[in-house]
There are 2 protein chains.
Amino acid sequence: MPGPPWWQERFRDWGYRLTIPRQAILSLLSKTNKHLSAIDIYLAVHRVYPGIGLTTVYRTLDLLVKGGLVLKFDFGDGKSRYELCKGPDIKPHHHLVCTNCGRIIDCREFIDKEKEVFENVQSSLSTKYNFDIKGHQIHFYGLCEKCN
Amino acid sequence: MPGPPWWQERFRDWGYRLTIPRQAILSLLSKTNKHLSAIDIYLAVHRVYPGIGLTTVYRTLDLLVKGGLVLKFDFGDGKSRYELCKGPDIKPHHHLVCTNCGRIIDCREFIDKEKEVFENVQSSLSTKYNFDIKGHQIHFYGLCEKCN
DNA sequence: GTAAATGCAAAGGTTTTGCACGTTA
DNA sequence: TAACGTGCAAAACCTTTGCATTTAC
(Lines give C-alpha, C1' and ligand atoms only; values in the text may rest on other atoms or scores of the structure.)
Protein backbone atom coordinates (compact mmCIF):
# COMPACT_ATOMS: atom_id res chain seq x y z
CA MET A 1 0.00 0.00 0.00
CA PRO A 2 2.33 2.74 -1.17
CA GLY A 3 1.66 6.28 0.03
CA PRO A 4 2.29 9.30 -2.13
CA PRO A 5 5.67 9.18 -3.80
CA TRP A 6 8.47 10.51 -1.61
CA TRP A 7 9.36 13.24 -4.11
CA GLN A 8 5.99 14.98 -3.69
CA GLU A 9 7.01 16.63 -0.43
CA ARG A 10 10.41 17.40 -1.85
CA PHE A 11 8.94 19.33 -4.75
CA ARG A 12 6.61 21.28 -2.54
CA ASP A 13 9.36 22.35 -0.13
CA TRP A 14 11.49 23.16 -3.07
CA GLY A 15 8.93 25.52 -4.63
CA TYR A 16 8.61 23.72 -7.96
CA ARG A 17 5.34 22.41 -9.30
CA LEU A 18 4.75 18.72 -9.45
CA THR A 19 3.33 18.38 -12.94
CA ILE A 20 2.26 15.30 -14.86
CA PRO A 21 5.41 15.13 -17.01
CA ARG A 22 7.64 15.50 -13.96
CA GLN A 23 5.77 12.77 -12.10
CA ALA A 24 5.91 10.49 -15.12
CA ILE A 25 9.66 10.96 -15.51
CA LEU A 26 10.37 10.43 -11.82
CA SER A 27 8.12 7.41 -11.76
CA LEU A 28 9.96 5.90 -14.72
CA LEU A 29 13.40 6.59 -13.25
CA SER A 30 12.40 5.09 -9.92
CA LYS A 31 11.39 1.83 -11.56
CA THR A 32 14.36 1.21 -13.83
CA ASN A 33 17.92 0.14 -13.26
CA LYS A 34 18.95 1.01 -16.79
CA HIS A 35 21.07 3.94 -17.89
CA LEU A 36 18.54 5.89 -19.89
CA SER A 37 19.24 8.71 -22.31
CA ALA A 38 16.87 11.63 -22.85
CA ILE A 39 15.35 9.94 -25.89
CA ASP A 40 14.95 6.66 -24.01
CA ILE A 41 13.06 8.52 -21.31
CA TYR A 42 11.00 10.44 -23.83
CA LEU A 43 9.94 7.27 -25.63
CA ALA A 44 9.11 5.39 -22.44
CA VAL A 45 7.07 8.23 -20.96
CA HIS A 46 5.42 8.83 -24.32
CA ARG A 47 3.82 5.39 -24.13
CA VAL A 48 1.97 6.29 -20.94
CA TYR A 49 1.62 10.05 -21.50
CA PRO A 50 1.69 10.75 -25.23
CA GLY A 51 1.44 14.50 -24.77
CA ILE A 52 4.99 14.83 -23.51
CA GLY A 53 7.64 16.67 -25.53
CA LEU A 54 11.35 15.98 -25.70
CA THR A 55 12.08 19.54 -24.57
CA THR A 56 10.24 18.91 -21.33
CA VAL A 57 12.27 15.79 -20.75
CA TYR A 58 15.49 17.77 -21.06
CA ARG A 59 14.22 20.57 -18.84
CA THR A 60 12.96 18.19 -16.19
CA LEU A 61 16.20 16.26 -16.15
CA ASP A 62 18.17 19.49 -15.75
CA LEU A 63 15.98 20.39 -12.82
CA LEU A 64 16.38 17.00 -11.19
CA VAL A 65 20.13 17.07 -11.67
CA LYS A 66 20.40 20.55 -10.16
CA GLY A 67 18.22 19.41 -7.26
CA GLY A 68 20.43 16.43 -6.59
CA LEU A 69 17.75 13.83 -7.31
CA VAL A 70 19.36 12.60 -10.51
CA LEU A 71 22.90 11.99 -11.71
CA LYS A 72 23.97 12.73 -15.27
CA PHE A 73 26.62 10.56 -16.88
CA ASP A 74 28.63 10.75 -20.06
CA PHE A 75 30.05 7.42 -21.10
CA GLY A 76 31.56 8.66 -24.33
CA ASP A 77 28.90 7.71 -26.86
CA GLY A 78 27.67 11.22 -27.47
CA LYS A 79 24.55 11.19 -25.37
CA SER A 80 24.02 11.81 -21.67
CA ARG A 81 22.47 9.20 -19.44
CA TYR A 82 20.46 9.73 -16.29
CA GLU A 83 19.96 7.82 -13.06
CA LEU A 84 17.89 8.50 -9.98
CA CYS A 85 20.22 8.88 -6.99
CA LYS A 86 17.80 9.61 -4.16
CA GLY A 87 14.99 7.69 -2.56
CA PRO A 88 14.52 4.25 -1.00
CA ASP A 89 16.24 1.30 -2.70
CA ILE A 90 18.94 3.55 -4.16
CA LYS A 91 22.46 2.30 -3.54
CA PRO A 92 25.48 4.22 -4.78
CA HIS A 93 27.49 2.40 -7.40
CA HIS A 94 29.96 2.83 -10.23
CA HIS A 95 30.04 1.73 -13.82
CA LEU A 96 31.89 -0.66 -16.08
CA VAL A 97 31.70 0.57 -19.67
CA CYS A 98 32.49 -1.55 -22.71
CA THR A 99 34.42 0.62 -25.15
CA ASN A 100 33.39 -1.63 -28.01
CA CYS A 101 29.62 -2.13 -27.70
CA GLY A 102 28.74 0.49 -25.10
CA ARG A 103 27.32 -1.95 -22.60
CA ILE A 104 27.18 -0.55 -19.07
CA ILE A 105 27.26 -2.64 -15.91
CA ASP A 106 26.66 -1.31 -12.41
CA CYS A 107 29.16 -2.35 -9.78
CA ARG A 108 28.66 -1.95 -6.07
CA GLU A 109 31.30 -4.15 -4.49
CA PHE A 110 33.85 -1.42 -4.32
CA ILE A 111 31.69 1.01 -2.37
CA ASP A 112 32.71 -0.02 1.16
CA LYS A 113 36.43 0.16 0.60
CA GLU A 114 35.91 3.33 -1.35
CA LYS A 115 34.18 5.20 1.41
CA GLU A 116 37.10 5.21 3.79
CA VAL A 117 39.53 6.21 1.06
CA PHE A 118 37.45 8.93 -0.55
CA GLU A 119 36.30 10.71 2.57
CA ASN A 120 39.90 11.61 3.27
CA VAL A 121 40.75 12.36 -0.33
CA GLN A 122 37.80 14.63 -0.87
CA SER A 123 38.37 16.70 2.24
CA SER A 124 42.05 17.16 1.48
CA LEU A 125 41.31 18.08 -2.11
CA SER A 126 38.69 20.55 -0.93
CA THR A 127 41.22 22.26 1.29
CA LYS A 128 44.07 22.27 -1.18
CA TYR A 129 42.17 23.62 -4.17
CA ASN A 130 39.48 25.60 -2.38
CA PHE A 131 37.00 23.41 -4.17
CA ASP A 132 33.68 22.50 -2.59
CA ILE A 133 33.49 18.90 -3.73
CA LYS A 134 29.95 17.55 -3.95
CA GLY A 135 30.68 14.08 -5.26
CA HIS A 136 32.65 11.94 -7.63
CA GLN A 137 32.21 9.45 -10.42
CA ILE A 138 34.35 6.42 -11.17
CA HIS A 139 34.13 4.78 -14.57
CA PHE A 140 35.96 1.60 -15.49
CA TYR A 141 36.59 1.13 -19.20
CA GLY A 142 37.32 -2.11 -20.99
CA LEU A 143 35.88 -4.90 -23.08
CA CYS A 144 32.84 -6.86 -21.96
CA GLU A 145 32.46 -10.61 -22.10
CA LYS A 146 30.97 -10.61 -25.61
CA CYS A 147 33.46 -8.17 -27.10
CA ASN A 148 36.56 -9.63 -25.54
CA MET B 1 69.02 19.18 -28.33
CA PRO B 2 65.88 17.19 -28.84
CA GLY B 3 65.99 14.22 -31.20
CA PRO B 4 63.05 13.21 -33.34
CA PRO B 5 59.82 13.10 -31.39
CA TRP B 6 59.24 9.83 -29.57
CA TRP B 7 56.03 9.13 -31.45
CA GLN B 8 57.81 8.87 -34.81
CA GLU B 9 58.99 5.34 -34.14
CA ARG B 10 55.65 4.45 -32.67
CA PHE B 11 53.80 5.44 -35.81
CA ARG B 12 56.17 3.54 -38.04
CA ASP B 13 55.89 0.33 -36.04
CA TRP B 14 52.21 0.82 -35.94
CA GLY B 15 51.87 1.05 -39.72
CA TYR B 16 50.22 4.46 -39.83
CA ARG B 17 51.66 7.37 -41.74
CA LEU B 18 53.12 10.25 -39.84
CA THR B 19 51.60 13.17 -41.70
CA ILE B 20 51.89 16.88 -41.09
CA PRO B 21 48.47 17.21 -39.42
CA ARG B 22 49.21 14.27 -37.13
CA GLN B 23 52.56 15.68 -36.15
CA ALA B 24 51.08 19.10 -35.53
CA ILE B 25 48.34 17.68 -33.30
CA LEU B 26 50.75 15.50 -31.32
CA SER B 27 53.15 18.39 -30.97
CA LEU B 28 50.41 20.62 -29.62
CA LEU B 29 49.14 18.01 -27.18
CA SER B 30 52.64 17.34 -25.89
CA LYS B 31 53.16 21.01 -25.07
CA THR B 32 49.91 21.79 -23.26
CA ASN B 33 48.51 20.92 -19.88
CA LYS B 34 45.05 22.12 -20.80
CA HIS B 35 42.00 20.00 -21.49
CA LEU B 36 41.46 20.78 -25.15
CA SER B 37 38.35 20.06 -27.19
CA ALA B 38 38.45 19.18 -30.88
CA ILE B 39 37.74 22.79 -31.84
CA ASP B 40 40.42 24.07 -29.47
CA ILE B 41 42.91 21.77 -31.14
CA TYR B 42 41.72 22.72 -34.61
CA LEU B 43 42.09 26.43 -33.90
CA ALA B 44 45.51 26.07 -32.32
CA VAL B 45 46.90 23.89 -35.11
CA HIS B 46 45.27 26.12 -37.69
CA ARG B 47 47.51 28.99 -36.59
CA VAL B 48 50.64 27.05 -37.48
CA TYR B 49 49.21 24.89 -40.28
CA PRO B 50 46.26 26.69 -41.84
CA GLY B 51 45.51 23.87 -44.25
CA ILE B 52 44.15 21.58 -41.55
CA GLY B 53 40.48 20.60 -41.48
CA LEU B 54 38.32 19.88 -38.47
CA THR B 55 37.54 16.42 -39.84
CA THR B 56 41.19 15.51 -39.74
CA VAL B 57 41.39 16.62 -36.13
CA TYR B 58 38.56 14.28 -35.21
CA ARG B 59 40.01 11.40 -37.20
CA THR B 60 43.46 11.88 -35.76
CA LEU B 61 42.14 12.05 -32.22
CA ASP B 62 40.17 8.84 -32.75
CA LEU B 63 43.32 7.18 -33.98
CA LEU B 64 45.37 8.39 -31.03
CA VAL B 65 42.70 7.30 -28.56
CA LYS B 66 42.49 3.84 -30.13
CA GLY B 67 46.27 3.61 -30.05
CA GLY B 68 46.39 4.51 -26.39
CA LEU B 69 48.37 7.71 -26.83
CA VAL B 70 45.49 9.99 -25.92
CA LEU B 71 42.67 9.89 -23.40
CA LYS B 72 39.22 11.22 -24.21
CA PHE B 73 37.17 12.80 -21.44
CA ASP B 74 33.58 13.93 -21.10
CA PHE B 75 33.07 16.41 -18.31
CA GLY B 76 29.42 17.03 -18.99
CA ASP B 77 29.53 20.18 -21.10
CA GLY B 78 28.68 18.49 -24.37
CA LYS B 79 32.10 18.33 -25.92
CA SER B 80 34.88 15.81 -25.57
CA ARG B 81 38.29 16.80 -24.32
CA TYR B 82 41.60 15.18 -25.11
CA GLU B 83 44.86 14.69 -23.25
CA LEU B 84 48.12 13.03 -24.19
CA CYS B 85 48.72 10.10 -21.88
CA LYS B 86 52.02 8.68 -23.17
CA GLY B 87 55.52 10.06 -23.44
CA PRO B 88 58.04 11.63 -21.07
CA ASP B 89 56.71 14.14 -18.52
CA ILE B 90 53.28 12.48 -18.50
CA LYS B 91 51.97 11.72 -15.02
CA PRO B 92 48.58 10.08 -14.49
CA HIS B 93 46.08 12.27 -12.71
CA HIS B 94 42.40 12.87 -12.13
CA HIS B 95 40.16 15.87 -12.49
CA LEU B 96 38.22 18.31 -10.36
CA VAL B 97 35.37 19.76 -12.40
CA CYS B 98 33.43 22.87 -11.44
CA THR B 99 29.78 22.22 -12.21
CA ASN B 100 29.12 25.96 -12.42
CA CYS B 101 31.83 27.41 -14.67
CA GLY B 102 33.34 24.25 -16.14
CA ARG B 103 36.83 24.87 -14.82
CA ILE B 104 38.95 21.75 -14.71
CA ILE B 105 41.85 21.19 -12.32
CA ASP B 106 44.27 18.28 -12.50
CA CYS B 107 44.95 16.48 -9.24
CA ARG B 108 47.77 14.03 -8.70
CA GLU B 109 47.96 13.60 -4.95
CA PHE B 110 45.57 10.71 -4.85
CA ILE B 111 47.47 8.56 -7.33
CA ASP B 112 49.69 6.68 -4.84
CA LYS B 113 46.94 5.62 -2.49
CA GLU B 114 44.80 4.83 -5.50
CA LYS B 115 47.20 2.35 -7.01
CA GLU B 116 47.07 -0.12 -4.16
CA VAL B 117 43.28 0.09 -3.95
CA PHE B 118 42.51 -0.12 -7.63
CA GLU B 119 44.82 -2.94 -8.58
CA ASN B 120 42.76 -5.24 -6.40
CA VAL B 121 39.45 -3.77 -7.40
CA GLN B 122 40.11 -4.00 -11.09
CA SER B 123 41.24 -7.59 -11.01
CA SER B 124 38.27 -8.69 -8.93
CA LEU B 125 35.86 -6.80 -11.17
CA SER B 126 37.48 -8.37 -14.21
CA THR B 127 36.91 -11.82 -12.79
CA LYS B 128 33.39 -11.23 -11.55
CA TYR B 129 31.99 -9.63 -14.70
CA ASN B 130 34.25 -11.23 -17.30
CA PHE B 131 35.26 -7.73 -18.23
CA ASP B 132 38.74 -6.97 -19.54
CA ILE B 133 39.30 -3.67 -17.75
CA LYS B 134 41.78 -1.39 -19.49
CA GLY B 135 41.58 1.61 -17.21
CA HIS B 136 39.44 3.92 -15.18
CA GLN B 137 38.60 7.57 -14.77
CA ILE B 138 37.78 9.41 -11.57
CA HIS B 139 36.07 12.78 -11.76
CA PHE B 140 35.37 14.94 -8.74
CA TYR B 141 32.51 17.40 -9.13
CA GLY B 142 31.87 20.53 -7.13
CA LEU B 143 32.20 24.29 -7.04
CA CYS B 144 35.53 26.00 -7.60
CA GLU B 145 36.93 28.83 -5.54
CA LYS B 146 35.35 31.54 -7.68
CA CYS B 147 31.92 29.91 -7.94
CA ASN B 148 31.62 28.87 -4.33
C1' DG C 1 52.72 3.85 -57.91
C1' DT C 2 49.37 2.74 -54.61
C1' DA C 3 47.05 2.69 -50.55
C1' DA C 4 46.33 5.80 -46.95
C1' DA C 5 45.13 10.34 -45.42
C1' DT C 6 43.07 14.80 -46.16
C1' DG C 7 39.64 18.62 -46.75
C1' DC C 8 35.36 20.14 -48.03
C1' DA C 9 30.51 20.01 -47.94
C1' DA C 10 26.71 17.81 -46.37
C1' DA C 11 24.36 14.96 -43.20
C1' DG C 12 23.32 13.11 -38.60
C1' DG C 13 22.33 13.33 -33.89
C1' DT C 14 21.83 15.57 -29.45
C1' DT C 15 20.64 19.52 -26.83
C1' DT C 16 19.00 24.40 -26.39
C1' DT C 17 16.08 28.46 -27.28
C1' DG C 18 11.95 31.47 -28.47
C1' DC C 19 7.40 31.93 -28.02
C1' DA C 20 2.44 31.21 -27.67
C1' DC C 21 -0.51 28.29 -25.10
C1' DG C 22 -1.79 25.44 -20.84
C1' DT C 23 -1.65 24.35 -16.08
C1' DT C 24 -0.64 24.43 -11.24
C1' DA C 25 -1.00 26.27 -6.81
C1' DT D 1 -5.26 34.63 -11.77
C1' DA D 2 -0.51 35.13 -12.09
C1' DA D 3 3.52 32.79 -12.36
C1' DC D 4 5.28 28.62 -13.79
C1' DG D 5 5.60 24.85 -16.98
C1' DT D 6 4.84 22.85 -21.59
C1' DG D 7 5.10 21.69 -26.55
C1' DC D 8 6.32 22.81 -31.04
C1' DA D 9 9.46 24.45 -34.41
C1' DA D 10 13.66 26.19 -35.31
C1' DA D 11 18.29 26.91 -34.19
C1' DA D 12 22.70 25.76 -32.34
C1' DC D 13 26.23 22.52 -31.61
C1' DC D 14 29.26 18.72 -31.92
C1' DT D 15 30.58 14.85 -34.60
C1' DT D 16 30.47 11.68 -38.60
C1' DT D 17 30.26 10.41 -43.51
C1' DG D 18 30.94 10.54 -48.74
C1' DC D 19 33.87 11.62 -52.16
C1' DA D 20 37.37 13.66 -55.04
C1' DT D 21 42.11 15.12 -54.38
C1' DT D 22 46.56 14.96 -52.27
C1' DT D 23 50.30 12.78 -49.84
C1' DA D 24 53.49 9.47 -47.51
C1' DC D 25 55.89 5.49 -48.01
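Because the structure is a prediction, the values reported are computed rather than measured. So that the names make sense, note that chain A is the first sequence line, chain B the second, and so on, each numbered from 1.
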Hey, where on DNA chain C does chain B first and last touch, going 5' to 3'? Cut-off is any atom under 4.0 Å from a heavy atom. C:dA3 to C:dA9
When all nucleic acid strands are considered with a 4.0 Å heavy-atom cut-off, which category describes A:Phe11: base, sugar-phosphate, or nothing? nothing
Please say whether more than 12 non-hydrogen atoms of neighbouring residues, nucleotides or ligands are located less than 6.0 Å from OH in B:Tyr49. yes
Tell me the interatomic distance from A:Gln23, atom CD, to D:dC4, atom C1', rounded to whole angstroms. 16 Å
Polar side chain donor-acceptor pair, A:Lys128 to A:Ser124, under 3.5 angstrom: no
For B:Arg17 and B:Tyr42, take the nucleotide of DNA chain C holding the closest heavy atom to each; which residue's nucleotide lies nearer the 5' end? B:Arg17
Under 4.0 Å between a side-chain N or O of B:Ser80 and OP1 or OP2 of D:dC14? no
When rounded to whole Å, the CG to P distance for the pair A:Leu63 and D:dG5 reads 7 Å
With heavy atoms under 4.0 Å as the rule, sort A:Ile52 into base, sugar-phosphate or nothing. sugar-phosphate
Would you kindly give the CG-to-P distance between A:Leu18 and D:dG5, to the nearest whole Å? 11 Å
Please examine the side chains of A:Asn148 and B:Asn130, heavy atoms only from C-beta on, and report whether any two atoms are closer than 4.5 Å. no
Over all strands shown, is A:Arg59 touching base, sugar-phosphate only, or nothing at heavy-atom distances under 4.0 angstrom? base
Value in whole Å for how far the C1' atom of D:dT15 lies from CG of A:Asp77: 13 Å
Between B:Asp62 (CG) and D:dC14 (P), how many Å, whole number? 17 Å
Which part of the nucleic acid, if any, lies within contact of B:Thr19, taking any heavy atom under 4.0 Å across all strands shown: a base, the sugar-phosphate backbone alone, or nothing? sugar-phosphate
Take the protein atom CD1 of A:Ile25 and the nucleotide atom C1' of D:dT6, then report the distance between them rounded to whole Å. 11 Å
Looking at A:Asp77 and A:Lys79, does any basic side-chain N land under 4.0 Å from a carboxylate oxygen? no
Carboxylate-amine/guanidinium proximity below 4.0 Å for A:Asp74 and A:Lys72: no
Would you kindly give the CG-to-P distance between A:Leu54 and D:dT6, to the nearest whole Å? 13 Å
Walk me through whether B:His94 and B:Ile111 qualify under side chain to side chain contact (heavy atoms under 4.5 Å, CB included). CA-CA 8 Å; B:His94 297 298; B:Ile111 299 299; 3.7 Å; yes
With no hydrogens and no angle check, just 3.5 Å: does a side-chain donor-acceptor pair link A:His35 and A:Asp40? no
Ignoring backbone atoms, establish whether A:Arg22 has a side-chain N or O less than 4.0 Å from OP1 or OP2 of D:dT6. yes
Which residue, B:Ile20 or A:Val57, contacts DNA chain D at a nucleotide closer to its 5' end, judged by nearest heavy atom? A:Val57
Atom CG of B:Asp74 and atom C1' of D:dC13: how far apart are they, to the nearest Å? 14 Å
